[in-house]
Amino acid sequence: MEIKTLFQKWWVWLLLILALLVILIGFLTSLYFNPWLKEKLESRVKTDSNSLYTLNLHGFDASLLSGRITADSIHLVPDFEVWDQNHKAHQRDTTAVKAPRTLIDLKTNKLVLAGINFLGILRSKPLNLSKLQVKQPTILITEMRQDSTESHEPLHESVDGILKGLQIGSIEVEEATLRIREGQKAKADRIALKDFTISVKDFQLDSTAFQDEERAYYARRMALESGIAEFRLPDGTYKLHATALKANTEDGTLNIGNLKLIPLLDNAALARLQGKAVTTMRLEVPEINLSGVDYKVHSRYNNLAARHVMIKNPSLSAFMDRKNFGAKGNKPLPHDFIQELKTGLTIQKIEVQGMHIRYEELAEEATEKGMITFGNLNATISNVTNDKNRMSTKKPAVIDARAALYGKAPLAVTIRLNLLDPDGHHTLQGKVGPTDPAILNPILEPTAFISVKDGSLQESDFNIELYRNQASGNLNVRYQNFKVDLLTKDEGKRQSTGKKILSKVANQWVIESDNPKEGEALRAGAIEVVRAKRRSFFNYWKDCLVSGFRTAASVEGIGADLQDPNR
């Protein structure tokens, strides 16, 4: 077809006119609309925030035809002096504008908004985007004052303007950094996430999406992957540190890599801070995997629920100084931790594989630390919940654990706990041995001033029923040729002459060296213990085993008075 003939076609002229219009609109947009819109957005932020925020847009470009906005970088800058002025003004006059609880400093590199309906925005319709993409944002949130609000309204009820009813088809945040600090002069961040990405599908900020049981946090799907993640306890005593986080609301998974609980103070400083003897703990967990996490329920009701938690090869070390710092206040039972939770909790099953525990204690009259260890601990914990419909005496939480005491003595225990029982009812059943009882000397010598001199322990079993204030039961302990040395409490001297004499008397006339004696039945060790409330529940359980052994060995008079709640 010749050019002259082609230009005689009406549709060719229509295409040319449309092309010219597109070029003209693009030229006018670049020349007038982009600068106007950039200035409008920057001034609107300053005006609407009462000069609390300044928005700086760099490399800004908008396309009316494609409904697209891009920027090479943006920076939302808070003004702390304006915040101080507003806060002081509101304190003087409650009718003045109340300063927000937090301030946000946001920097990004590339920003892309696609699918914008500019005409809809002009007609005050909710903002509807097909895509939001942000590269390398750095978000610093400063908590300017404490949150005194007991309950918070949902996000969709707290936004106004074009954000009300906001819809975004997909959100991609790449290589982000998030920091949350308490106050402008804070020396350390309370929460920090580095090098994390977020992918969100079908985000809809309204009440319908909030109540939709197929959504979590207003989205059909949300996935997060993070590098280093840190959280500091509000009192500044501990820090949680992980090298990787991964969460997905669609498949209900959460993975945590190399989690560490790190004390920020030594034991003495921590004890001085709290005004009493405390346990300093260090925890390392190479891998934690959660499945069946109900993000949907959490997003609506703040309840925590998971089907299965796997904890691999954790290591826990703990130390308490009771020599230089006194015990004060009552220590909680496991029931108290659950009953005091302000949110719902339901975990169907927790598995712990290959755990190692080391506990050290400096007793009141000791000159050196006592130590006890549990190696290769494997445990299954089921039905951990504060849901009254799931927890009862007939449906308790159950802990089945197997470990090696000091890496040598096999120990198996089953613990059943009605976690909602106000009287703290629970039971312990288990077996220990066979082993050489002398392995207990690292904890007995520095804390009880007793040393196992000789003997062998066969497999023994125990059955204990415990309440908040007292416990009873029995320990069937089988041993032969059991002998002890009573030690002096003087530093640098293991046994005084008097202790040597007492040891011989005890071994000859007081201690039953065999159980059962030849030709006799096994002597059951009766357990009767009044709980020392200032000691941990682990100490409560230990006292029960000590009570049973002392009864079986006829040495009730040796050691602490287990009927004294103030011991």
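These numbers come from a predicted model, not from an experiment.
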Could you tabulate the donor-acceptor pairs under 3.5 Å formed by side-chain atoms of residues 84-91, not counting sequence neighbours?
unit_1 : atom_1 : unit_2 : atom_2 : d
H87    : NE2    : Q91    : NE2    : 3.3
H90    : ND1    : A96    : O      : 3.0

Checklist entry - So, are E42 and K46 salt-bridged, with charged N and O less than 4.0 Å apart? => result no
Checklist outcome for this item: In short, ring pair (Phe, Tyr, Trp, His ring centres under 6.0 Å) pairs touching residues 226-245 with sequence neighbours left out are none
Checklist outcome for this item: Taken to the nearest 0.5 Å, the spacing of T280 OG1 from N267 CG works out to 3.5 Å
Checklist entry - Is there side-chain contact between L290 and H308, with at least one heavy-atom pair below 4.5 Å? => result no
Item to check | salt bridge (Lys or Arg N to Asp or Glu O under 4.0 Å) between E143 and R190, worked out | outcome: CA-CA 10 Å; E143 296 179 344; R190 185 165 63 85; 2.5 Å; yes
Next on the checklist: Y301: which residues meet the ring pair (Phe, Tyr, Trp, His ring centres under 6.0 Å) condition with it, sequence neighbours left out?
Outcome noted: none
Checklist entry - So Q136 and E175, side chain to side chain donor-acceptor pair (under 3.5 Å) or not? Walk me through it. => result CA-CA 5 Å; Q136 296 179 323; E175 301 177 49; 3.2 Å; yes
Checklist entry - Restricting to pairs with a member in residues 202-223, which pass salt bridge (Lys or Arg N to Asp or Glu O under 4.0 Å), not counting sequence neighbours? => result D202-R215, D202-R220, D212-R215, D212-R220, R221-E250
Next on the checklist: Does K98, at its NZ atom, have more than 12 non-hydrogen atoms belonging to other residues, nucleotides or ligands within less than 6.0 Å?
Outcome noted: no
Next on the checklist: Going by salt bridge (Lys or Arg N to Asp or Glu O under 4.0 Å), name the pairs with one or both residues in residues 251-271, residues two or more places apart or in two chains.
Outcome noted: none
Next on the checklist: Please check: side-chain N/O of N386 versus main-chain N/O of L345, any donor-acceptor pairing under 3.5 Å?
Outcome noted: yes
Checklist entry - If you count the non-hydrogen atoms of other residues, nucleotides and ligands that lie under 6.0 Å from NZ in K276, is the total more than 12? => result yes
Item to check | Qualifying ring pair (Phe, Tyr, Trp, His ring centres under 6.0 Å) pairs with a residue from residues 318-347, counting only residues at least two apart or across chains | outcome: H335-H426
Item to check | Side chain proximity check, L132 to V134, heavy atoms < 4.5 angstrom | outcome: yes
Item to check | R181 bridged to D189 by N-O distance under 4.0 Å | outcome: no
Checklist entry - Can K239 and E230 be said to form a salt bridge (Lys or Arg N to Asp or Glu O under 4.0 Å), step by step? => result CA-CA 7 Å; K239 176 176 71 173; E230 292 187 342; 3.7 Å; yes
Next on the checklist: Once side chain to side chain contact (heavy atoms under 4.5 Å, CB included) is applied, do any residues pair with D336, and if so which ones, sequence neighbours excluded?
Outcome noted: P332, L333, E340, R468
Checklist entry - side chain to side chain contact (heavy atoms under 4.5 Å, CB included) with P286: which residues, sequence neighbours excluded? => result N313
Checklist entry - Under the side chain to side chain donor-acceptor pair (under 3.5 Å) criterion, do N117 and N128 qualify, and how do the steps go? => result CA-CA 7 Å; N117 183 351; N128 190 334; over 6 Å; no
Item to check | Heavy-atom donor-acceptor pair, T249 side chain to M222 backbone, under 3.5 Å | outcome: yes
Checklist entry - With ring centroids as reference points, do H156 and Y218 lie under 6.0 angstrom apart? => result yes
Checklist entry - With a 4.5 Å limit on heavy-atom distance, are the side chains of F196 and L245 in contact? => result no
Item to check | Listed partners of D79 passing side chain to side chain contact (heavy atoms under 4.5 Å, CB included), at least two apart | outcome: E81, V82
Next on the checklist: I need the single residue from D105, T54, N56 that forms a side-chain hydrogen bond (donor to acceptor under 3.5 Å, both in side chains) with H75. Which is it?
Outcome noted: D105
Checklist entry - Please, which pairs that meet salt bridge (Lys or Arg N to Asp or Glu O under 4.0 Å) have at least one residue in residues 293-302, sequence neighbours excluded? => result none
Checklist entry - What distance separates L166 CG from Q204 CD, expressed to the nearest 0.5 Å? => result 9.5 Å
Item to check | Sub-6.0 Å ring centroid separation between F538 and W541 | outcome: yes
Item to check | Any residue meeting side chain to side chain contact (heavy atoms under 4.5 Å, CB included) with K533, in chain and number order, not counting sequence neighbours | outcome: N330, N469, R531
Item to check | side-chain hydrogen bond (donor to acceptor under 3.5 Å, both in side chains) partners for R534, two or more places apart | outcome: none
